[in-house]
Amino acid sequence: MPLVVITGHPSSGKSTRAQDLKEKLEERIAALEPNDPGYGITVILHSDESLGIVKERYRESVSEKSIRGTQISAVKRDLGRKTIVILDSLAYIKGFRYQLHCESKALGTPYCLLHIIAPTESCYKWNEERDLTKDTKWDKDLIDALIMRYEDPNHLNRWDSPLIPVPYDEPLPFESIWESIILKKAPRPNSATVLKQATTGNFLQQLDKHTSDVISKILQFQQLQSVGGEVLIDREKELLISLPSTTVSVAQLQRIRRSYIALNRMRTIEEDRIVPLFVDYLNAHLNNDE
């Protein structure tokens, strides 16, 4: 069943909302009749606290990536047709949200993103009220850095949709959430997300060739224009890659390419979908690759 990702700034009230949602879901499910949608579903909540993630691990890129790995593993382990998984996470990198979206879609389960919105001043205030001895309080410089890194969700991105904004001073929109994750039909898995048991050597050659061609076009574009801009990959399909305002290194591009290949080497993608999906993947990762 569904995956609900809760995102927002540190100390914006995500954990309070996550616990509130879990309790409301369990209360609603307990009152259902056997033939009602959602009957018999279990609700599982994962948070930094439940996964043993300490705040200091967000300082360094290596440990921060391992945090995302831990969260993805927990979601993959528990996501199923009889569970609702709530992930209480900063989820501030759009590439990470893209990965979560893909995991949900691969299982054919609904996905929903709750964006907890609170003024920065309130986040600072609530953080100061936390208990430092219980590792619930963020260091001031770390919370500043994480707020600066935060990439706001955009409902136009399919990995951020359906997007339900939750202002800090308004009640949890439970009925909208219930409709999104229980009453609406789950998306159909496509060839980009459904795992297949066999992969042909020819497919791997196509995957390697087409992704290499895309990287070459980006590098050629950067030789003509130093930073930023949009790289036209396919005029007919209107495929564009938006480059960040800093030079993208060959190493950075190759890291993203290797990650995409690793993600898809055990999946059978139609050849004409390799480049469009890689373009989406690049756009989701270029501005946040560490």
Side-chain angles (χ1 to χ4, degrees), residues 5 7 61-62 64-65 68 72 91-106 111 113 115 145 148-161 163 187 189-194 199 202-290:
V5 178
T7 182
S61 61
V62 174
E64 189 179 11
K65 285 181 179 179
R68 296 195 289 271
I72 284 280
Y92 63 89
I93 294 178
K94 57 187 176 182
F96 178 56
R97 299 196 296 266
Y98 173 84
Q99 288 179 282
L100 292 168
H101 166 81
C102 287
E103 293 297 340
S104 177
K105 193 170 184 181
Y111 170 87
L113 183 66
H115 183 196
M148 286 290 294
R149 294 181 213 166
Y150 192 81
E151 296 176 337
D152 287 311
N154 183 345
H155 72 280
L156 297 177
N157 295 329
R158 61 180 176 275
W159 56 85
D160 287 337
S161 179
L163 174 63
N190 57 30
S191 58
T193 56
V194 177
T199 301
N202 185 48
F203 167 69
L204 292 178
Q205 292 174 4
Q206 293 170 352
L207 190 62
D208 183 76
K209 177 183 181 300
H210 289 308
T211 55
S212 291
D213 290 344
V214 172
I215 297 300
S216 295
K217 288 183 179 181
I218 296 174
L219 295 175
Q220 290 170 8
F221 179 86
Q222 286 196 139
Q223 290 178 351
L224 300 175
Q225 180 167 326
S226 57
V227 295
E230 292 187 332
V231 185
L232 180 62
I233 302 300
D234 189 312
R235 186 178 300 279
E236 182 179 343
K237 295 181 179 179
E238 298 182 347
L239 299 178
L240 294 169
I241 293 175
S242 299
L243 298 179
S245 57
T246 56
T247 301
V248 182
S249 68
V250 175
Q252 184 180 2
L253 289 170
Q254 292 296 352
R255 280 198 301 271
I256 298 174
R257 176 174 172 268
R258 287 194 298 270
S259 175
Y260 177 78
I261 290 176
L263 182 66
N264 290 287
R265 66 184 301 114
M266 295 303 294
R267 309 166 194 258
T268 303
I269 305 174
E270 296 174 3
E271 185 176 0
D272 63 353
R273 294 292 295 148
I274 292 176
V275 172
L277 290 169
F278 186 42
V279 168
D280 283 348
Y281 194 77
L282 280 163
N283 281 324
H285 284 73
L286 270 177
N287 292 312
N288 51 63
D289 184 58
E290 299 286 351

Shortest non-hydrogen contact from [X] toward [Y]:
X	Y	result
D234	E236	OD1-N, 3.0 Å
V279	L240	CG1-O, 3.4 Å
L286	Q252	O-NE2, 3.3 Å
F221	G228	CE2-O, 3.4 Å
P153	R97	CA-NH2, 3.6 Å

Next on the checklist: Apply side chain to side chain contact (heavy atoms under 4.5 Å, CB included) to residues F96 and I72 and explain how you reach the verdict.
Outcome noted: CA-CA 9 Å; F96 178 56; I72 284 280; 3.5 Å; yes

Side chains of [X] and [Y]: closer than 4.5 Å at any heavy-atom pair?
X	Y	answer
D272	K237	yes
T7	Y150	yes
V214	I241	yes

Salt bridge flag under 4.0 Å for residues [X] and [Y]:
X	Y	value
D213	K209	yes
D280	R158	yes
K94	D160	no

Item to check | Check: N154 side chain, L156 main-chain N or O, donor-acceptor pair, under 3.5 Å | outcome: yes

Checklist entry - Within the side chain of D208, is there an N or O that forms a donor-acceptor pair under 3.5 Å with the backbone of L204? => result no

Any chance you could measure [X], atom [atom1], to [Y], atom [atom2], to the nearest 0.5 Å?
X	Y	atom1	atom2	answer
R257	F278	CZ	CZ	7.0 Å
I218	Q223	CD1	CD	12.5 Å
I233	K217	CD1	NZ	5.5 Å
H285	L253	NE2	CG	13.0 Å
E230	L239	CD	CG	12.0 Å
H155	L113	NE2	CG	12.5 Å

Checklist entry - With under 30° as parallel and over 60° as perpendicular, where do the rings of H101 and Y111 fit, or are they tilted in between? => result perpendicular

Item to check | Partner set under side-chain hydrogen bond (donor to acceptor under 3.5 Å, both in side chains) for S259, not counting sequence neighbours | outcome: Y281

Next on the checklist: Under the criterion side chain to side chain contact (heavy atoms under 4.5 Å, CB included), I'd like the reasoning laid out for H115 against D152: C-alpha separation, chi angles, the key distance, then a yes or no.
Outcome noted: CA-CA 9 Å; H115 183 196; D152 287 311; 3.8 Å; yes

Item to check | CA sep, side-chain torsions, deciding dist, call: Y260, L277, side chain to side chain contact (heavy atoms under 4.5 Å, CB included) | outcome: CA-CA 9 Å; Y260 177 78; L277 290 169; 3.3 Å; yes

